[in-house]
Amino acid sequence: MTSRRRPVRALIPLLLLALLAACSGGAGGNSSSDGTPNPDGTLIWGWHLPTSWDPVASTAGQDVHALALAYDALVQQENDGDARPGLAESWSYNDAGDQITFTLRPDLTFSDGTPVDAEAVRANIERGQTQSNSTIAAQLAVITGVTVVDELNVTFQLDQPDYQIPLLMSGKTGMLVSPTAFAADVDALATAPVGSGPFVLTEYVPDSRAVFERNADYWNVENILLGGLELKPPPDPTVAVAGLTSGQFDIAVVPPAQVAAAEAAQLTVEEQRVFTVRTLDVDNTVAPYDDPLVLQALSHAIDRQALVDVAFFGHGEPNWQPFPTDYVAYDASLDDLYAHDPDTAADLLAEAGYPDGIDLTLTIYGAQDQALAEQIQAQVAAAGITITIEVATPGVSNYISRQYPLFLDSFSGRESPVQSLEVLFGPEGLMNLGRNSPAELDAAIDAARQVPLDDPAYAETLQTAVHTAVTTMPNTFLFTWPRLYVHGDNVHDWQHQIGTVRFEGVWVE
């Protein structure tokens with residue numbers, strides 16, 4: 001994946017620069033004057049604490065990044081999203097593609113000393129499938145049986161040919177937990193992870209911080225150049241830069257509005273293209289959203305580039321699909337699918353039976369989306385679309401209640417692009433509010449999963465499924481937006497990854 005590092009520019013008065021520099025004390029206390037790695041250095045990372053430290057029970061998509069500190073998965077992702085060995089050093093399919101055998105690395109253990117072996121894999125898969133509060137059961141439904149071949153080899157039987165399994169096993173779904181730990185007290189995992197990842201949790205204060213030390217037994221420990229890591233909830237967006245310059249954080253994500261201040265404070269801004277796209281979730285079983293002409297009119301009425309320029313300060317790219325450019329699933333033929341054209345939008349509304357315009361209600365999570373919603377509201381008015389903005393009831397998940405038929409949302413892609421398509425468009429997909437999909441789309445998704453990842457036909461088959469999904473389903477995509485990491489000059493070799501954040505090779509002075 002391509003990514004870019006934004007240059008440092010003096011954008012605020014010199015007095016403010018001096019004040020910011022004066023309060024900067026070497027974030028995390030790990031700086032040294034010679035610029036050499038500190039093997040005992042601790043990186044303070046401003047990121048979200050997980051909803052649970054149990055990967056089977058955690059409920060937020062962003063949890064995977066924190067969980068990856070304590071847990072390793074059978075498979076990891078390359079920075080561009082491809083599969084690479086993790087706890088499994090290799091894998092192979094049978095000729096039919098409905099069985100996959102993983103070969104584990106030898107002599108690995110969980111942090112409690114339990115062996116990472118084939119039996120541990122079997123126990124983890126079965127727990128993920130059967131635990132009452134499992135959030136990964138649907139992803140594991142394709143596995144109909146697990147056979148322990150020997151200590152290091154384990155075979156999954158699948159309900160159909162599915163070459164997406166290595167990618168599926170590279171995220172939360174493939175993270176292994178010590179069977180000893182979940183057999184003894186599965187509820188304790190919510191606050192006390194027991195994995196085999198690059199770090200071991202030593203202190204956890206809910207809603208405050210999680211402190212880790214390097215796992216000396218991690219299989220790739222020679223590439224873990226940090227002595228430890230402290231995870232803290234991200235700083236308030238309005239004071240993010242001050243938190244970074246004062247040493248409260250070494251690295252954190254900031255909103256686009258804070259980039260200029262970060263650059264002016266001589267901080268480094270890393271703009272990373274990731275699997276995140278702003279969307280309008282639509283329930284196509286509710287009028288008037290059951291009429292494709294209305295949805296096409298809404299899409300034509302939106303100026304996506306202006307949304308990027310204003311609401312996200314130029315950080316992002318207009319998009320009409322769920323994947324970023326340069327990714328294997330990206331279908332270039334969808335570029336500018338619904339070009340900004342209020343006149344065309346008005347004509348489509350008239351064709352749908354609304355010659356005098358139409359009134360719609362757009363629901364948002366809260367104040368953080370108000371500005372973007374208001375910009376959309378102003379844009380579509382030119383086409384005769386009047387939008388009323390309402391805030392969702394706190395605590396209500398629209399993915400479950402489906403009470404809001406037009407919802408301003410974001411989608412963060414999954415490790416497997418086919419899994420992403422299922423979440424968005426599958427009959428049981430969380431973001432498919434109408435819980436329906438045409439047979440042609442189901443067939444296209446199945447065709448994509450049945451092509452090996454290294455087959456020359458894979459990209460074309462996958463992109464065909466994406467094209468079918470976008471042109472037959474009601475979801476409206478607006479723009480992809482990057483993750484904006486900011487850090488001081490004591491943090492080195494931060495990795496640009498499209499998927500799960502990993503810390504191999506990252507070091508502090």
- Item | Modelled atom types, side-chain donor and acceptor of Asn133 and Gln131, under 3.5 Å | yes
- Do Ser410 and Arg278 have side-chain N/O donor and acceptor atoms under 3.5 Å apart? yes
- About how many Å separate CD of Gln258 and OG1 of Thr238, when rounded to the nearest 0.5 Å? 7.0 Å
- Task: Verify whether one side chain among Tyr330 and Asp335 offers a donor that lies under 3.5 Å from an acceptor in the other.
- Result: yes
- Query: Any idea how Tyr93 and Tyr163 line up, ring-wise: parallel (<30°), tilted (30 to 60°), or perpendicular (>60°)?
  - Reply: tilted
- Assess whether side chain to side chain contact (heavy atoms under 4.5 Å, CB included) is satisfied between Glu422 and Leu430, documenting all intermediate values. CA-CA 9 Å; Glu422 290 175 329; Leu430 284 177; over 6 Å; no
- Begin from the C-alpha positions of Val486 and Val241 and carry the test side chain to side chain contact (heavy atoms under 4.5 Å, CB included) through to its verdict. CA-CA 8 Å; Val486 174; Val241 172; 5.8 Å; no
- Testing Asp442, Asp162, Asp98, Asp159 for salt bridge (Lys or Arg N to Asp or Glu O under 4.0 Å) with Arg449, which one passes? Asp162
- Message: Using modelled atom types and a 3.5 Å cut-off, is there a donor and acceptor pairing between side-chain atoms of Ser134 and backbone atoms of Ala137?
- Response: yes
- Test item: Arg402 side-chain N/O and Asp283 main-chain N/O as donor-acceptor pair under 3.5 Å: no
- Non-neighbouring partners of Glu504 that pass salt bridge (Lys or Arg N to Asp or Glu O under 4.0 Å), sequence neighbours left out: Arg502
- Task: Please assess Leu158 against Ile165 for the test side chain to side chain contact (heavy atoms under 4.5 Å, CB included), listing each intermediate value before the final yes or no.
- Result: CA-CA 9 Å; Leu158 312 176; Ile165 300 301; 3.9 Å; yes
- Item | Any donor-acceptor N or O pair under 3.5 Å, side chains Arg84, Gln76 | yes
- Query: Which heavy-atom pair separates Pro417 from Phe323 by the least distance, and what is that distance?
  - Reply: O-CZ, 3.8 Å
- Message: Between Asn398 and Asp281, do the side chains contain a donor N or O and an acceptor N or O under 3.5 Å apart?
- Response: no
- Query: Do Phe312 and Trp481 make the cut of ring centroids closer than 6.0 angstrom?
  - Reply: yes
- Item | Salt-bridge contact Asp250-Lys232 (side-chain N to carboxylate O under 4.0 Å) | no
- Does one side chain, of Arg304 or Ser299, offer a donor that lies under 3.5 Å from an acceptor on the other? yes
- Query: So, Tyr365 versus Asp409: side-chain donor-acceptor pair below 3.5 Å or not?
  - Reply: yes
- Rounded to the nearest 0.5 Å, how far apart are CD of Gln321 and CG of Asn475? 13.0 Å
- Are Glu271 and Arg483 ion-paired here, with the side-chain N under 4.0 Å from a carboxylate O? no
- Which heavy atom in Ile387 sits nearest to a heavy atom in Leu362, and how many Å separate them? CG2-CB, 3.8 Å
- Item | Minimal non-hydrogen separation, Asp290 against Pro292, with atom names | O-CD, 3.4 Å
- Quick one: are the ring centres of Phe156 and Phe102 less than 6.0 Å apart? yes
- Task: Verify, without hydrogens or angle tests, whether Asp63 (side chain) and Ala60 (backbone) share a donor-acceptor contact under 3.5 angstrom.
- Result: yes
- Message: Taking the ring of Phe503 and the ring of Trp494, is the distance between their centroids below 6.0 Å?
- Response: yes
- Let me see the working for Gln129 and Ile136 under side chain to side chain contact (heavy atoms under 4.5 Å, CB included), right down to the final yes or no. CA-CA 7 Å; Gln129 290 176 321; Ile136 61 173; over 6 Å; no
- Item | Shortest non-hydrogen contact between Ser58 and Thr51, atoms and distance | CA-OG1, 3.4 Å
